[in-house]
Each structure stands twice: as structure tokens, then as C-alpha cells.
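These figures come from a predicted structure and were not determined experimentally.
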Amino acid sequence: MKVISFHLKGKMAHFRKFYSNSSALSYFIPPRTTVCGMIAGLMGIERDEYYEDFSLDKCKIAIASCRPIKKTMQKMNYLKVESVTKDLNGSQEYHSQTPMELIIPQNIRNSYVDYKIWIYHTEKNIMDEIEKIFMERQIDYYTSLGTSIALGSAFNLGWIDGIEILEGKEINEVGEEIFSSAIPLEKVQEIKVDKMLEGRYRILKEEIPLEFNLEREITPNGLKDVLVNINSKSIPARVNSFVKLENEENIVWLE
């Protein structure tokens with residue numbers, strides 16, 4: 001199978017939790033739904049028109065955090081915009097301060113947020129189109145037919161680099177490896193604590209959305225607990241199934 005991988009980078013990120021209301025809480029990694037929307041945006045597909053093409057059955061995605069990250073809470077001013085001509089200049093009397101949880105690097109002065117994403121699509125025409133967007137010019141460049149790249153919220157602008165096209169082999173049996181991606185908890189048989197190096201692991205469990213239906217509702221199998229290492233991307237574990245890539249990386253699809 002052909003797998004496309006790339007790095008999604010930026011100075012900070014915010015991936016709003018679907019149940020947040022007055023306080024805008026964030027996931028540590030971009031949910032699968034966010035990545036699908038980003039890829040669809042690069043392809044020029046309108047919002048709400050890509051859910052079937054990027055369903056769990058057709059599109060496989062793996063995600064990892066490659067640099068140490070943490071959360072910080074900041075107050076954001078929100079304006080009630082009723083008139084574009086006058087309310088966007090800050091003169092509107094009504095505004096509200098909302099706490100927003102931001103994902104930032106451990107050392108924000110000289111580092112950045114760095115996610116690695118792997119994608120495979122069962123439909124060849126869509127896979128070819130994604131490959132064309134990333135590889136039309138040359139390595140580390142990409143083209144967009146729609147949106148620009150942001151890490152969640154539009155003001156968290158980012159960039160893509162480290163684009164690779166790799167061959168992968170699906171292993172549908174129990175395997176013990178060091179995995180480069182986040183792992184769905186239901187696929188984990190054992191975390192190999194004895195293979196962890198001191199200071200390199202901070203593994204958290206997050207419940208993240210994986211799939212929407214046409215009404216933007218989470219599907220019955222579209223919400224899963226996922227293990228994420230926020231200090232580096234590796235997790236030594238025994239899992240039920242995984243993908244071994246030609247560059248010796250092992251990844252687990254979010255499904």
C-alpha cells in the first residue's frame with residue numbers, strides 16, 4: 001500500500017474539544033476529523049461535502065506529536081460582529097473574554113509544534129489527487145486548491161514540510177514494536193514500560209473524534225480513546241494490528 005506522510009508545523013495550535021462551551025479546551029493532537037477537513041480543504045472540497053469520501057472505511061490516518069508540547073490557558077477577546085464596516089475595528093462596545101487552551105512547544109522561544117501525519121486512501125483517484133497536491137513541484141512544497149494551513153483555529157497559521165511517499169505493509173496480527181504514531185486504546189494489549197527511556201515518555205489518554213456523518217454528528221464508532229506520547233512520537237507497545245513502513249517506522253491507524 002502507498003502511504004503519504006508529512007509534517008504539520010506551527011508556533012501554536014488549538015483543536016477545540018467538541019463538548020467545550022464557555023471555555024475552549026483543546027486536544028493535544030489534531031483529531032482525525034480535523035486532518036480530514038484539512039486535506040479536503042487543500043483539495044478544494046467545500047465544507048460538509050467530504051465526509052463520505054473520508055469515512056473510516058475509505059481513508060486511513062495516523063497521527064503523532066514529534067516534539068515536546070504542553071498546554072497553556074489564555075484569555076481571548078471576542079467581538080459581536082453585526083456590521084463588517086464598523087465592528088471589526090474594535091469599536092464595538094460588546095465583547096467577551098473567553099479562556100482558550102493553546103498547545104505550545106515546551107520552549108516557545110526556539111521551538112515549534114510538530115505533528116507527523118500519515119494518510120492512505122482506498123480510492124486510487126483520491127489518493128492520486130492528494131499525491132499531486134503534495135508532490136506537484138518537489139519535496140517540501142505543496143499546492144492548495146482551497147484553504148491555507150492552520151493548526152486548528154484560523155489564527156494559528158502553520159506550514160507543511162517533510163513530505164514523503166512510502167510503501168507500507170499491513171500486519172494483521174499481534175506485534176510488539178516501537179510505534180511512531182498515537183495508538184487507539186482498544187488495539188493495545190500491553191505498554192512495554194521496560195523499553196521506555198527516562199525523560200522521553202509522557203503518555204496520555206485522550207478521547208478524540210474520528211468521524212462525522214453528513215449532519216456533522218459523531219458516528220457510533222467515531223469516538224475513541226487514544227494513547228499519545230506528548231514528549232516524543234514513540235510508544236513501545238504490543239498491539240493487535242499495525243502498518244510497517246519501508247523506512248522502518250511502525251504506525252497504527254486511528255479507527
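Judged as a side-chain contact (heavy atoms from CB on, under 4.5 Å), and not counting sequence neighbours, the contacts of Pro209 are Tyr27, Pro31, Thr33, Ile218, Leu223. Under the side-chain hydrogen bond (donor to acceptor under 3.5 Å, both in side chains) criterion, Ser232 pairs with Asn229, not counting sequence neighbours. With sequence neighbours excluded, the residues forming a salt bridge (Lys or Arg N to Asp or Glu O under 4.0 Å) with Asp128 are Lys124, listed by chain and number. Residues forming a side-chain contact (heavy atoms from CB on, under 4.5 Å) with Ile191 (at least two apart in sequence, or on another chain): Val188, Val193, Met196, Leu227, Ile235, Ala237. Residues passing the ring pair (Phe, Tyr, Trp, His ring centres under 6.0 Å) test with His14: none are found, sequence neighbours excluded. Judged as a salt bridge (Lys or Arg N to Asp or Glu O under 4.0 Å), and not counting sequence neighbours, the contacts of Glu249 are Lys116, Lys233. Glu248 is linked by a side-chain contact (heavy atoms from CB on, under 4.5 Å) to nothing, counting only residues two or more places apart in sequence or in another chain. Every side-chain hydrogen bond (donor to acceptor under 3.5 Å, both in side chains) that Arg216 has, sequence neighbours left out, goes to Tyr51. Qualifying side-chain hydrogen bond (donor to acceptor under 3.5 Å, both in side chains) partners for Thr98, counting only residues two or more places apart in sequence or in other chains: none. Considering only residues two or more places apart in sequence or on other chains, Phe28 meets the ring pair (Phe, Tyr, Trp, His ring centres under 6.0 Å) condition with none of them. Residues meeting the salt bridge (Lys or Arg N to Asp or Glu O under 4.0 Å) test with Asp53, sequence neighbours left out: none.
Checking Asn221 against Glu211 by side-chain atom types alone, no donor-acceptor pair falls below 3.5 Å. Side-chain contact of Asp114 with His7: a donor-acceptor pair under 3.5 Å is present, judged by distance alone.
With rounding to the nearest 0.5 angstrom, the CD1 atom of Ile4 is 14.0 Å from the CH2 atom of Trp118. Note that CD1 of Ile126 is 8.5 Å distant from SG of Cys59, once rounded to the nearest 0.5 Å. Note that the SG atom of Cys36 and the CG atom of Leu56 stand 8.0 Å from one another [nearest 0.5 Å]. Within the model, atoms CD1 of Ile165 and CZ of Phe6 stand 12.0 Å from one another, a figure rounded to the nearest 0.5 Å. A distance of 14.0 Å separates OG of Ser55 from CZ of Phe212, quoted to the nearest 0.5 Å. The structure places CG of Asn250 at 6.5 Å from OG of Ser180, a figure rounded to the nearest 0.5 Å.
Looking at heavy atoms from C-beta onward, Leu8 lies in side-chain contact with Ile149 at the 4.5 angstrom threshold. For the pair Met43 and Ile130, the minimum side-chain heavy-atom distance is below 4.5 Å. At a threshold of 4.5 Å between non-hydrogen side-chain atoms, the residues Ile119 and Ile39 count as touching. You'll find the side chain of Phe242 stays beyond 4.5 Å of the side chain of Trp253, heavy atoms only.
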Requested in this report: Apply the test side chain to side chain contact (heavy atoms under 4.5 Å, CB included) to residues Gln74 and Met100: give CA-CA distance (whole Å), side-chain angles for both, the deciding distance (0.1 Å), then the verdict.
Outcome: CA-CA 5 Å; Gln74 297 290 330; Met100 174 174 279; 5.5 Å; no

Query raised in the report: After noting the C-alpha distance and the side-chain angles of Glu164 and Asn247, does the key distance pass the side chain to side chain contact (heavy atoms under 4.5 Å, CB included) rule?
Result: CA-CA 10 Å; Glu164 293 182 285; Asn247 62 358; 4.2 Å; yes

Requested in this report: Please step through side chain to side chain contact (heavy atoms under 4.5 Å, CB included) for the pair Val239 and Ile183, ending with a clear verdict.
Outcome: CA-CA 9 Å; Val239 302; Ile183 308 173; 4.0 Å; yes

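Placement of Tyr201 and Leu185 within a single hydrophobic cluster is found when ILVMFWY residues are connected by side-chain heavy-atom separations under 4.5 Å, directly or transitively. Hydrophobic clustering of Ile, Leu, Val, Met, Phe, Trp and Tyr side chains at less than 4.5 Å, counting indirect connections, keeps Val174 apart from Ile171. No continuous path of ILVMFWY side-chain contacts below 4.5 Å connects Leu157 to Ile103, so the two sit in separate hydrophobic clusters. Ile230 and Ile178 sit in two unconnected hydrophobic clusters of ILVMFWY residues. Membership requires side-chain heavy atoms under 4.5 Å apart, directly or through other members. Ile163 and Leu245 fall within a single hydrophobic cluster, where Ile, Leu, Val, Met, Phe, Trp and Tyr side chains are chained together by heavy-atom contacts under 4.5 Å.
Under the 4.0 Å criterion applied to side-chain N and carboxylate O atoms, Glu255 and Lys187 are assigned as salt-bridge partners. Using a 4.0 Å cut-off between charged side-chain N and carboxylate O, Glu131 and Lys2 make a salt bridge.
Judged purely by atom type and a 3.5 angstrom limit, Asn213 uses its side chain to pair as donor or acceptor with the backbone of Glu217. Judged purely by atom type and a 3.5 angstrom limit, Ser181 has no side-chain atom pairing as donor or acceptor with the backbone of Ile63. Put simply, the side chain of Glu101 gets close to the backbone of Ser26: a donor and an acceptor are under 3.5 Å apart. The backbone N or O of Asn156 sits nowhere less than 3.5 Å from a side-chain atom of Ser153 that would complete a donor-acceptor pair.
For CD of Glu46, the number of neighbouring non-hydrogen atoms (other residues, nucleotides, ligands) closer than 6.0 Å is 12 at most.
Minimum heavy-atom separation, Leu151 to Gly10: CD2-N, 3.9 Å.
Applying the salt bridge (charged side-chain N to carboxylate O under 4.0 Å, His left out) test to residues at least two apart or on different chains, the pairs with a partner in residues 165-186 are Glu176-Lys192, Glu176-Lys195, Glu176-Arg238, Glu177-Lys244, Glu186-Lys224.
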